[in-house]
Amino acid sequence: MPDTISSIISPEGSLEILSQHEVARLHDTSKRGLHDLLRRCALAVLNCGSPTDDSVALMETYADFDIEVVPQDRGVRLKLTNAPAEAFVDGKMIRGIREHLSAVLRDIVYVYNEIQGHQRFDLSTAEGTTNAVFHILRKAGTLKPGRDPSLVVCWGGHSISREEYEYSKDVGYHLGLREMDICTGCGPGAMKGPMKGANVAHAKQRRREGRYLGVSEPGIIAAEAPNPIVNELVVMPDIEKRLEAFVRLGHGIIVFPGGVGTAEEILYLLGILLHPDNADMALPVIFSGPADSADYFQRIDEFLAYTLGEEVRRLYRIIIDDPTEVARTMRKGIDQVGDYRRARQDAFYYNWRLTIDRHFQETFEPTHEAMAGLALHRQQPVHELAANLRRAFSGIVAGNVKEQGIRAIKAHGPFRLSAEPELMRRLDELLDSFVAQGRMKLSGDYVPCYTLG
């Protein structure tokens, strides 16, 4: 049995007094309640540092863990029962973990009580969805109107080689020396590396307000706890709003080697940038990794050119094994973003001008029926194909690491994807390369959660 501690803590940071209705929903164990969601996310946060991405195994290991919100006159306290002992030092919870736990509680309460079902947010429209994303980010304090553009979104795999991790850390270091900040999915691997490197560089440059922003969503955070360096955490309600948060917040994007989750993010980003309304959008995009990653990016590049057309290559630059050049190129690109937005009197802290088609905003539930019904062929507008490919990769991510997806695979077998023959062949080769390179899981033998045919 794992070592556990039971404790009562006060949330870190500001958290308003909760209403009786909000507390009741956090206690509610029914499908309409929020207790199970809070419990799963809280356990992952408390398990920070453990090398696992299996949310089901984590819940089974700590089956007797529980969290209870206890209302008091001056706010709330959190009663933890049988929490992972690694979250505490000499019986006192690590402050960063307490901050993350508080952020999870804040965002769950806000989203489910102020966003979903609220009349002022019509989530069936593009405008309503974008406004909802803005309000969630503002509530979390992540919008910084007084700062010049500096936020680099870093995407990449949680399951990468040590060399790739060290490379991502080196890139983060050179970004930090040039006074750029980091925004990632907040998990391990290529998400942790850039933050760690930038943290050291910011210390050297005496940058006292360095930003290490983690953007997650419940299904991911329940499998991949925020890494300890994250000093700003926001939890979006679903993967689509999480991805929109990245592209609205970021002033530039770097993609490191990864697996299906990284491919999903790439397709989301490029599908948006291919929209005619975004033809002149200033947003630097760089794919980069160490020398051994050259084949990985070549496969990605070839797959993108086949599925989305040759013109997609103008939207990104591939830089291999040169962290300094990556940082210099990104610094120059972000300076151009500043000029672009000043000329149009746009906000630095939120990219309102970016057009995001509804295909990229609509929530996709990766059921077996939905996965089998995806239109994976080139006889459709390129942005619609990009959206459907993103959904396919999103479903595989769910089957790999998310509790709901893992349980669905166990109950009904692997997801089945169908595509036109040549696209199927290329998709099969790409996914096989991810498996062969160990990019699907952190540990253990990988059993595919999908079949093609």
Side chain of [X], backbone of [Y]: donor and acceptor closer than 3.5 Å?
| X | Y | value |
| --- | --- | --- |
| Ser288 | Ile319 | yes |
| Ser433 | Leu430 | yes |
| Asp428 | Met424 | no |
| Asn113 | Val109 | yes |
| Arg248 | Leu354 | yes |
| His158 | Gly189 | no |
| Thr142 | Leu137 | yes |
| Gln380 | Ala375 | yes |
| Thr4 | Pro84 | no |
| Asn278 | Ile272 | yes |

Show which side-chain atoms of residues 259-267 pair as donor or acceptor with protein atoms under 3.5 Å away, not counting sequence neighbours.
| unit_1 | atom_1 | unit_2 | atom_2 | d |
| --- | --- | --- | --- | --- |
| Thr262 | OG1 | Gly157 | N | 3.4 |
| Glu264 | OE2 | Arg390 | NH1 | 2.7 |
| Glu264 | OE2 | Ser394 | OG | 3.2 |

### Task
Apply the test side chain to side chain contact (heavy atoms under 4.5 Å, CB included) to residues Thr125 and Thr130: give CA-CA distance (whole Å), side-chain angles for both, the deciding distance (0.1 Å), then the verdict.
CA-CA 9 Å; Thr125 68; Thr130 297; over 6 Å; no
### Task
Evaluate salt bridge (charged side-chain N to carboxylate O under 4.0 Å, His left out) for Arg211 paired with Glu232, printing each intermediate quantity in order.
CA-CA 7 Å; Arg211 302 188 67 190; Glu232 300 177 54; 2.8 Å; yes
#### Entry: Distance (rounded to the nearest 0.5 Å) between Asn227 CG and Tyr212 OH
11.5 Å
### Task
Test the Arg378-Tyr306 pair against the cation-pi criterion, namely NZ or CZ under 6.0 angstrom from the six-membered ring centroid and within 45° of the ring axis.
yes
### Asn388 side chain to His377 side chain, donor-acceptor N/O pair below 3.5 angstrom
no
Considering all heavy atoms of both residues, which atom of [X] and which atom of [Y] are nearest to each other, and what is their separation?
| X | Y | result |
| --- | --- | --- |
| Ile396 | Cys449 | O-SG, 3.5 Å |
| Tyr167 | Ile320 | OH-C, 4.4 Å |
| Cys186 | Val230 | CB-CG2, 3.7 Å |
| Pro366 | Gly395 | CB-CA, 3.5 Å |
| Ser7 | Phe88 | CB-CE2, 4.0 Å |
| Phe121 | Gly128 | CD2-O, 4.1 Å |

Taking the side chain as every heavy atom from C-beta outward, state whether [X] and [Y] have any atom pair closer than 4.5 Å.
| X | Y | value |
| --- | --- | --- |
| Leu452 | Leu431 | yes |
| Val45 | Pro226 | yes |
| Leu213 | Asp181 | no |
| Arg242 | Val215 | yes |
| Thr81 | Asp64 | no |

### Val247 vs Phe360, side chain to side chain contact (heavy atoms under 4.5 Å, CB included): CA-CA, chis, key distance, verdict
CA-CA 12 Å; Val247 297; Phe360 294 94; over 6 Å; no
Could [X] and [Y] be called an ion pair, given the rule that one side-chain N must be under 4.0 Å from one carboxylate O?
| X | Y | result |
| --- | --- | --- |
| Arg299 | Glu429 | no |
| Lys169 | Glu166 | yes |
| Glu422 | Arg425 | yes |

### Task
Begin from the C-alpha positions of Tyr268 and Glu240 and carry the test side chain to side chain contact (heavy atoms under 4.5 Å, CB included) through to its verdict.
CA-CA 9 Å; Tyr268 177 90; Glu240 288 78 15; 5.8 Å; no
Could you pull out all donor-acceptor pairs under 3.5 Å where a side-chain atom in residues 367-374 meets a protein atom, sequence neighbours excluded?
| unit_1 | atom_1 | unit_2 | atom_2 | d |
| --- | --- | --- | --- | --- |
| Thr367 | OG1 | Ala370 | N | 3.0 |
| His368 | NE2 | Gly413 | O | 2.6 |

### Verdict with supporting geometry, Leu78 and Val69, side chain to side chain contact (heavy atoms under 4.5 Å, CB included)
CA-CA 5 Å; Leu78 302 176; Val69 178; 3.9 Å; yes
### Query
Which one of Tyr316, Phe256, Tyr296, Trp155 satisfies the ring pair (Phe, Tyr, Trp, His ring centres under 6.0 Å) criterion with Phe287?
Tyr316
### Task
Take atom OH of Tyr349 as the centre, draw a 6.0 Å sphere, and report whether it contains more than 12 heavy atoms from other residues, nucleotides or ligands.
no
### Message
Counting neighbours of CZ on Arg95 that are heavy atoms of other residues, nucleotides or ligands and sit closer than 6.0 Å, is the number greater than 12?
### Response
no
### Those residues that, when tested against Arg98, pass side chain to side chain donor-acceptor pair (under 3.5 Å) (two or more places apart)
Glu12
### Query
Any idea how Trp352 and Phe134 line up, ring-wise: parallel (<30°), tilted (30 to 60°), or perpendicular (>60°)?
tilted
